[in-house]
Amino acid sequence: MVGLVGGTTARAEHVVASGGGEAEHVRRLHRHAPADHQCTSTLVKHIKAPVHLVWELVRSFDQPQRYKPFVSRCVVRGDQLEIGSLRDVNVKTGLPATTSTERLEQLDDDEHILGVKFVGGDHRLQNYSSIVTVHSESIDGRPGTLVIESFVVDVPDGNTKDETCYFVEAVIKCNLTSLAEVSERRAVESPTSPLEC
């Protein structure tokens, strides 16, 4: 299950207040300053796989299709993957978009932080920026991972903040569910892999 930690509605704010360690990670690492014409939200996912397996997938800026079901193709511009790198993403049919050009804003392998900003493409998510953080935790006495993803985005003309947040949250929930499935499958396939926290 994917949980909602924060956002533009009262129900979301309530979850932040009761989130414990999750709320501390959000406060420290997921800083967005939305303008009046923007919406923001934060979602969490608990994954039954060690943090190093999950982080390997999340940090793959050059291959988001490894776990993101709506991405059909990704090409990184240039030879090196570094802050400022751009990727051109093709989106599968079914979403109101066909392409997205995205810039790598943050990549911290020590703190497990990935930041991405949409800078172009054929979609309605103008000024979209997201932060994904990955944290080690114990789930049922075994190594697990807490994934937190937050975003801020302009509200398109003709839509409300709630409609925009609902749409983006639905896409992120699909991505996080797929991330969990892929990570947990990999954990079962390699149960003797080293544990890195």
Side-chain angles (χ1 to χ4, degrees), residues 1-36 38-61 64 67-68 83 102-118 125 127-154 161-162 164-184 186-187 193-197:
M1 184 168 149
V2 177
L4 184 66
V5 172
T8 60
T9 64
R11 78 181 154 83
E13 297 299 330
H14 172 73
V15 180
V16 169
S18 63
E22 294 169 3
E24 177 58 23
H25 291 307
V26 170
R27 184 195 63 74
R28 197 168 58 83
L29 301 171
H30 294 263
R31 296 183 182 157
H32 297 287
D36 288 341
Q38 294 182 312
C39 70
T40 185
S41 188
T42 300
L43 294 94
V44 300
K45 180 73 174 172
H46 299 273
I47 299 176
K48 294 180 180 179
V51 70
H52 73 278
L53 291 177
V54 178
W55 177 242
E56 181 186 329
L57 292 167
V58 169
R59 78 169 312 280
S60 60
F61 180 78
Y67 75 91
K68 291 186 175 187
I83 303 302
E102 304 170 5
R103 182 174 58 228
L104 182 61
E105 298 282 301
Q106 289 181 281
L107 181 61
D108 186 328
D109 285 317
D110 295 325
E111 293 289 326
H112 299 137
I113 304 169
L114 176 77
V116 175
K117 182 173 181 65
F118 290 11
L125 300 179
N127 294 311
Y128 178 88
S129 181
S130 71
I131 298 171
V132 180
T133 60
V134 177
H135 312 273
S136 181
E137 69 175 354
S138 178
I139 300 175
D140 300 329
R142 300 188 54 86
T145 303
L146 167 66
V147 179
I148 304 173
E149 184 162 356
S150 63
F151 70 89
V152 63
V153 65
D154 289 358
K161 285 185 179 184
D162 284 344
T164 304
C165 268
Y166 180 82
F167 170 75
V168 177
E169 288 168 358
V171 172
I172 291 173
K173 286 176 187 178
C174 286
N175 289 341
L176 292 176
T177 297
S178 178
L179 176 63
E181 291 169 356
V182 173
S183 299
E184 290 169 0
R186 291 180 70 212
S193 62
L195 300 181
E196 297 175 10
C197 298

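Throughout, residue positions are numbered sequentially from 1 according to the sequence presented. Because the structure is a prediction, the values reported are computed rather than measured.
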Where the side chain of [X] meets the backbone of [Y], is there a donor-acceptor pair that is under 3.5 Å apart?
X    : Y    : result
E184 : K48  : yes
T177 : K173 : yes
S60  : L57  : yes
T145 : A49  : yes

Measure the shortest side-chain to side-chain distance between [X] and [Y] over non-hydrogen atoms and say whether it is less than 4.5 angstrom.
X    : Y    : value
E111 : R28  : yes
R186 : E56  : yes
E24  : R27  : yes
H46  : E22  : yes
L179 : E149 : no

Check your understanding: Which class fits the ring pair F151 and Y128: parallel under 30°, tilted 30 to 60°, perpendicular over 60°?
Key -> parallel
Which distance, rounded to the nearest 0.5 Å, do you find between the [atom1] of [X] and the [atom2] of [Y]?
X    : Y    : atom1 : atom2 : result
I148 : T42  : CD1   : OG1   : 8.0 Å
H52  : S183 : NE2   : OG    : 10.0 Å
I47  : I139 : CD1   : CD1   : 8.0 Å
K45  : N175 : NZ    : CG    : 12.0 Å
R31  : T40  : CZ    : OG1   : 14.0 Å
L104 : F61  : CG    : CZ    : 5.0 Å

Exercise for review: Would you tell me whether S150 and H32 have side-chain atoms, one donor and one acceptor, within less than 3.5 Å of each other?
Suggested key: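 Looking only at side-chain atoms, H32 and S150 do form a donor-acceptor pair, the distance falling under 3.5 Å.
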Review point. Mind checking what makes ring-ring contact (aromatic ring centres under 6.0 Å, His included) contact with F167, not counting sequence neighbours?
Key: none
Exercise: identify the closest heavy-atom pair between [X] and [Y]:
X    : Y    : result
Y67  : V58  : CE2-CA, 4.0 Å
V51  : S136 : CG2-N, 4.1 Å
E105 : V116 : CG-C, 4.2 Å
D154 : Q38  : OD1-NE2, 2.9 Å
L107 : W55  : CD1-CZ2, 3.9 Å

Review point. Can you name the one residue among T133, L146, L176 that meets side-chain contact (heavy atoms from CB on, under 4.5 Å) with V44?
Key: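 The single option meeting the side-chain contact (heavy atoms from CB on, under 4.5 Å) with V44 is L146.
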